[in-house]
2 protein chains.
Amino acid sequence: MEPASPDPGEQPWSIRLRAAGLRVTQPRLAVLDVVDSAPHLSADQITAGVRSAIGAVSTQAIYDALNTLTEQGILRRFEPAGSSMRFEVSVGDNHHHLVCRSCGSVRDVPCALGSMPCAIPQETEGFVVDEAEVTYWGLCADCVSASTPE
Amino acid sequence: MEPASPDPGEQPWSIRLRAAGLRVTQPRLAVLDVVDSAPHLSADQITAGVRSAIGAVSTQAIYDALNTLTEQGILRRFEPAGSSMRFEVSVGDNHHHLVCRSCGSVRDVPCALGSMPCAIPQETEGFVVDEAEVTYWGLCADCVSASTPE
DNA sequence: CACCTTTTCTGGAATCGTTCAAGAAAAGTC
DNA sequence: GACTTTTCTTGAACGATTCCAGAAAAGGTG
């Protein structure tokens with residue numbers, strides 16, 4: 001085993017961890033693998049994935065890893081209203097999310113708002129903006145068809 | 001007392017409640033007054049405001065009022081990541097929010113993304129979008145100056 | 001390679017915000 | 001004024017996340 005590498009051609013996680021000044025630990029590698037293989041998972045789901053990959057790990061270790069990795073910009077965290085935290089590997093493209101009101105599923109959408117006004121830091125009466133987060137709410141294809149009579 | 005009316009010239013809350021098929025109760029009127037007088041409050045803060053206005057009210061009554069009023073479109077609820085629910089009187093302008101990463105304060109911003117792409121329902125691979133929510137993250141003026149050395 | 005310092009993980013409890021559930025009270029109807 | 005339905009009270013439950021103290025592991029150093 002030991003994928004421990006995001007993708008052939010990319011730097012293995014261990015390198016990215018060291019580059020961020022973080023120690024390379026089993027839980028962190030496992031968290032990265034799980035999040036990389038399935039974006040938008042909750043802490044709970046990530047915990048399950050990590051445990052099935054490397055055995056017993058404390059809940060705290062997962063949260064610690066998620067928080068640390070997020071702080072270092074390796075993961076990106078978001079939290080649609082009514083949902084718990086969700087994570088994805090940070091790729092720096094500032095894409096946005098479609099969230100299904102019915103089943104809570106999340107889908108990525110490229111930042112398609114014209115010429116990305118959302119990436120442009122603005123200033124509003126002294127308020128310094130560093131990020132614009134867009135969440136599209138609606139129904140996913142499955143839930144649409146499930147709710148349609150015919 | 002008994003403001004019970006959003007604004008001179010606007011319909012009193014009782015009318016709006018009845019129009020929505022809801023009974024007119026003290027807790028609901030008080031919730032509306034509090035939210036109207038200070039947008040972006042949390043359920044907790046609203047509870048405090050309501051209690052100081054009409055005396056003892058159960059926490060549950062507040063949550064019930066908030067949920068019901070939100071369902072009926074009289075209030076608008078939003079929930080910046082890391083924060084609890086926040087409420088404002090729904091005015092139908094689909095404005096957005098600036099959220100301070102440091103102190104959590106919220107400020108309204110008009111939907112200024114060009115010609116409001118955010119209000120235009122899109123469809124993406126069967127995903128039917130009915131709302132676009134934009135959250136700007138950054139630092140409010142106070143926190144900016146507090147964090148600046150000089 | 002053994003040692004040492006620092007970071008990270010374990011285990012368990014605590015916390016916050018929100019919801020659930022059953023019965024009492026109030027609103028609106030006839 | 002009695003009746004039906006909605007709303008409120010009380011009190012417990014719940015999920016997600018964090019806090020804490022001590023044990024274990026990571027990785028630099030001699």
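Keep in mind it's a predicted model, so treat the numbers as computed, not measured. Order of the sequence lines sets the chain letters (A, B, ...), proteins ahead of strands, with each chain counted from 1.
Terminal axes of the helix from C:dC1-D:dG30 to C:dC30-D:dG1 (five pairs each, C1' rotation axis) are separated by 30°, to the nearest 10°.
Atom CZ in B:Arg28 sits roughly 12 Å away from atom P in D:dT9 (whole-Å rounding). Residue B:Asp64 contributes atom CG, which lies 15 Å from atom P of D:dT10 at whole-angstrom precision. Note: CD (A:Gln45) to C1' (D:dT17) measures 16 Å, nearest angstrom.
When heavy atoms are screened at a 4.0 angstrom cut-off, A:Ala56 is found touching the sugar-phosphate backbone but no base atom. Heavy atoms of A:Ala43 sit under 4.0 angstrom from primed sugar atoms or phosphate atoms, though from no base atom. At the heavy-atom level, B:Ser58 lies under 4.0 Å from base atoms of the strands shown.
Nucleotides of DNA chain C that come within less than 4.0 Å of any heavy atom of chain B span, from the 5' end to the 3' end, C:dG17 to C:dG28.
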For nucleotides 25-30 of chain D, just jot down a letter per nucleotide in 5' to 3' order: B, S or -, based on protein non-hydrogen atoms under 4.0 Å.
BBS---
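Here A:Ser84 pairs with nothing under the side-chain hydrogen bond (donor to acceptor under 3.5 Å, both in side chains) rule; sequence neighbours left out. Listed by chain and number, the residues in a ring pair (Phe, Tyr, Trp, His ring centres under 6.0 Å) with A:Tyr63 amount to none (sequence neighbours excluded). Every residue was checked against the side-chain hydrogen bond (donor to acceptor under 3.5 Å, both in side chains) condition with A:Gln60, not counting sequence neighbours, and none meets it. Partners of B:Asp142 according to the side-chain hydrogen bond (donor to acceptor under 3.5 Å, both in side chains) rule, which considers only residues two or more places apart in sequence or in another chain, do not exist here.
When side chains are defined from C-beta on, A:Thr70 counts as touching A:Phe87, because their heavy atoms get closer than 4.5 Å. The shortest side-chain heavy-atom distance between A:Thr47 and A:Val34 does not fall under the 4.5 Å cut-off. With a 4.5 Å cut-off on side-chain heavy atoms, A:Arg28 and A:Leu22 count as touching. In this structure, the side chains of B:Arg18 and B:Val24 come closer than 4.5 Å at one or more pairs of heavy atoms. In this structure, the side chains of A:Val35 and A:Ile46 come closer than 4.5 Å at one or more pairs of heavy atoms.
Listed by first then second residue, pairs satisfying salt bridge (Lys or Arg N to Asp or Glu O under 4.0 Å) with a partner in residues 80-91 of chain A read A:Arg76-A:Glu88, not counting sequence neighbours. Counting only residues at least two apart or in different chains, salt bridge (Lys or Arg N to Asp or Glu O under 4.0 Å) contacts with residues 98-107 of chain B comprise A:Glu125-B:Arg107, A:Asp130-B:Arg101, A:Glu131-B:Arg101. Contacts classified as salt bridge (Lys or Arg N to Asp or Glu O under 4.0 Å) and involving residues 44-70 of chain A (residues at least two apart or in different chains) are not found.
Think of A:Val91 as one node in a network of Ile, Leu, Val, Met, Phe, Trp and Tyr side chains linked at under 4.5 Å; it has no links at all.
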Hey, what are the protein-to-nucleotides 18-23 of chain D N/O distances that come in under 3.5 Å?
{"from": "D:dC19", "atom 1": "N4", "to": "A:Gln60", "atom 2": "NE2", "distance (Å)": "2.7"}

